[in-house]
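Excluded from the calculations below are hydrogen atoms, water molecules and symmetry mates; all remaining heavy atoms, backbone and side chain alike, are included.
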2 protein chains.
Amino acid sequence: MDRKTAKKLSECTCFNLRKASRAVTQMYEAALEPAGLRAPQFGILAAVAATKSVTITRLAEILVMDRTTLTRNLKPLTSRRLVKVLPGADRRSKKVELTKKGSETLLRAVPLHKGAQARIESGLDGQWPNMLSDLTRLIRVAQKS
Amino acid sequence: MDRKTAKKLSECTCFNLRKASRAVTQMYEAALEPAGLRAPQFGILAAVAATKSVTITRLAEILVMDRTTLTRNLKPLTSRRLVKVLPGADRRSKKVELTKKGSETLLRAVPLHKGAQARIESGLDGQWPNMLSDLTRLIRVAQKS
DNA sequence: AACAAACAGGTGTATATTCACATTATAACG
DNA sequence: CGTTATAATGTGAATATACACCTGTTTGTT
């Protein structure tokens with residue numbers, strides 16, 4: 001259990017994806033810092049903005065995120081009054097919407113995000129679209145297994 | 001801020017990497033479950049096994065993981081007596097080693113991990129080596145930005 | 001020897017992630 | 001109509017992640 005193990009680890013899909021995820025997240029969060037948003041928070045705000053109003057379960061589907069993860073992730077956003085959670089159509093469901101402050105924050109974050117994305121894409125010399133389709137396929141494979 | 005926002009999000013490197021990371025992690029953790037290991041735990045055990053004995057800082061470098069993250073991640077492993085943390089060369093440093101139980105656990109986990117990796121690679125029709133080099137490049141780009 | 005710089009490590013705080021389980025509300029059905 | 005299944009959400013517990021900051025140790029310089 002020596003060099004061989006180390007080599008296997010360095011080729012492990014999970015290990016490498018998590019590593020890349022950490023590195024890229026840190027880079028995006030540094031970029032988004034002036035807007036005071038973490039990476040998942042930006043995603044949530046953007047998704048809510050795109051729908052105007054969604055239930056929690058539907059939003060989790062859109063974000064491909066565990067529903068209970070989303071529930072927790074909404075907490076710091078509601079505390080900071082960036083989103084509001086209102087009673088939904090049912091007495092079961094709720095709907096999530098942006099507040100004015102949330103819209104403003106998102107508006108401030110979008111150029112920062114765009115800048116980070118542009119830096120990544122330029123660093124990859126146009127390979128990102130390819131990588132994206134590969135990643136999409138990888139997700140499909142992982143979810144089927 | 002409508003369809004356009006949603007589209008941007010669906011092309012965001014960070015968002016997609018995190019999504020893929022979640023999906024693949026779940027798949028690997030389901031595979032490793034009989035050994036009672038989470039994905040990062042497997043990585044730590046494998047890295048420790050490959051070195052016999054390492055300091056915490058060095059191990060964090062190997063894993064490309066924040067040092068303080070590693071410190072926390074070692075906790076459940078030491079609690080379960082899979083690794084032991086001993087005084088190092090200095091009075092500053094410590095060394096991390098596998099216990100007997102840790103070796104046994106890793107030995108049980110390796111075939112499970114290999115199976116998961118094989119399923120992923122077969123699902124990707126040999127594209128994984130390409131994707132790996134792309135991911136490596138992506139990490140380099142993110143860390144330079 | 002005295003002091004500053006660099007090194008190894010830990011803690012506080014906050015967010016993110018997920019599973020198992022619990023709760024309440026609606027829908028379906030016999 | 002009452003019972004059962006399904007849907008929407010929340011909570012407890014555990015791990016993961018990382019930044020800012022703190023402590024003690026060694027090294028290097030004068």
Exercise for the section: Could you check L77(A), L86(A), V48(A), T78(A) and say which one makes a side chain to side chain contact (heavy atoms under 4.5 Å, CB included) with V96(A)? Expected result: V48(A)
Problem - Closest contact, heavy atoms only, G43(A) versus L63(A) - result: O-CD2, 3.7 Å
Practice task
Scan residues 58-81 of chain A for pairs that pass salt bridge (Lys or Arg N to Asp or Glu O under 4.0 Å), counting only residues two or more places apart or in two chains.
Solution key: R58(A)-E61(A)
Handout entry: Donor-acceptor pair present, R72(B) side chain and dG12(C) base, under 3.5 Å
Key = yes
Practice task
Give each stem of DNA chain D as a range with a range, requiring at least 3 consecutive Watson-Crick or G-U wobble pairs whose two distances are under 3.5 Å.
Solution key: C:1-30 with D:1-30
Problem - Neighbours of DNA chain C within residues 14-23 of chain B, by heavy-atom distance under 4.0 Å - result: R18(B), R22(B)
Exercise for the section: Answer with yes or no whether the hydrophobic clustering places L17(B) together with I62(A); edges join I, L, V, M, F, W, Y residues whose side-chain heavy atoms lie under 4.5 Å apart. Expected result: no
Problem - Flag, side chain of T55(B) to backbone of K95(B), donor-acceptor distance under 3.5 Å - result: no
Exercise for the section: Measure the distance from CD on E33(A) to P on dC19(D) and round it to the nearest whole Å. Expected result: 11 Å
Please list each protein N or O that sits under 3.5 Å from an N or O in nucleotides 25-27 of chain C, with the distance.
residue	atom	partner	partner atom	Å
dT26(C)	OP1	R91(A)	N	2.9

Handout entry: Any T13(B) side-chain heavy atom under 4.5 Å of L124(A) side chain
Key = no
Exercise for the section: Search all heavy atoms of L74(A) against all heavy atoms of I44(A) and return the closest pair with its distance. Expected result: CD2-CG2, 4.0 Å
Problem - Cluster overlap L135(B) with V141(A), hydrophobic side-chain contacts below 4.5 Å - result: yes
Handout entry: Between C1' of dT23(C) and NZ of K94(A), the distance in whole Å
Key = 12 Å
Exercise for the section: Could you tell me which residues satisfy side-chain hydrogen bond (donor to acceptor under 3.5 Å, both in side chains) with T136(B), sequence neighbours excluded, listed by chain and number? Expected result: none
Practice task
Give Q26(A) one of three labels, base, sugar-phosphate or nothing, depending on what nucleic acid heavy atoms sit under 4.0 Å from its own.
Solution key: sugar-phosphate
Problem - Protein-nucleotide distance (L70(A), atom CG; dT9(D), atom P), rounded to Å - result: 9 Å
Handout entry: Phosphate OP1/OP2 of dT15(D): any N73(B) side-chain N/O under 4.0 Å
Key = no
Exercise for the section: Indicate yes or no for a side-chain donor-acceptor contact from R140(A) to the backbone of G123(B) under 3.5 Å, with no hydrogens or angles considered. Expected result: no
Completion exercise
Shortest non-hydrogen pair, N16(B) vs E11(B), comes out as ND2-C, 3.7 Å
Considering only nitrogen or oxygen atoms on both sides, find all protein atoms under 3.5 Å from nucleotides 1-4 of chain D and state each distance.
none

Exercise for the section: Could you grab the distance from atom NZ of K19(B) to atom CD1 of I139(A), nearest 0.5 Å is fine? Expected result: 5.0 Å
Handout entry: Residues which pass side-chain hydrogen bond (donor to acceptor under 3.5 Å, both in side chains) with K100(B), listed by chain and number, not counting sequence neighbours
Key = E104(B)
Can you list, pair by pair, the side-chain donor-acceptor contacts under 3.5 Å of residues 29-42 of chain A, counting residues two or more places apart and other chains?
residue	atom	partner	partner atom	Å
E29(A)	OE2	A39(A)	N	2.9
Q41(A)	OE1	R38(A)	N	2.9

Exercise for the section: Could I get the full list of salt bridge (Lys or Arg N to Asp or Glu O under 4.0 Å) partners for R108(A), not counting sequence neighbours? Expected result: none
Problem - Within residues 74-85 of chain A: residues closer than 4.0 Å to DNA chain D (heavy atoms) - result: none
Practice task
Could you tell me whether E29(A) contacts a base, only the sugar-phosphate backbone, or nothing, with contacts defined as non-hydrogen atoms closer than 4.0 Å?
Solution key: nothing
Practice task
To the nearest Å, give me how far apart CD1 (I44(A)) and P (dA16(C)) are.
Solution key: 7 Å
Practice task
Drop me the distance from M131(A)'s CE to R137(B)'s CZ, to the nearest 0.5 angstrom.
Solution key: 9.5 Å
Practice task
Kindly say if K95(B) contacts the phosphate of dA8(C), meaning a side-chain N or O under 4.0 Å from OP1 or OP2.
Solution key: no
Practice task
Look at the side-chain heavy atoms of Ile, Leu, Val, Met, Phe, Trp and Tyr, link any pair under 4.5 Å apart, and say whether V64(B) and L132(B) land in one connected group.
Solution key: no
Completion exercise
The correct set of residues in residues 55-68 of chain B placing a heavy atom under 4.0 Å from DNA chain C is T55(B), I56(B), T57(B), R67(B), T68(B)
Practice task
Answer yes or no: does a side-chain N or O of T69(B) lie under 4.0 Å from OP1 or OP2 of dA18(D)?
Solution key: yes
Exercise for the section: Give a yes or no on whether the backbone of Q117(B) and the side-chain of W128(B) come within a donor-acceptor separation of less than 3.5 Å. Expected result: no
Practice task
Hey, could you give me each pair passing ring pair (Phe, Tyr, Trp, His ring centres under 6.0 Å) that has a residue in residues 14-41 of chain A? Not counting sequence neighbours.
Solution key: Y28(A)-H113(A)
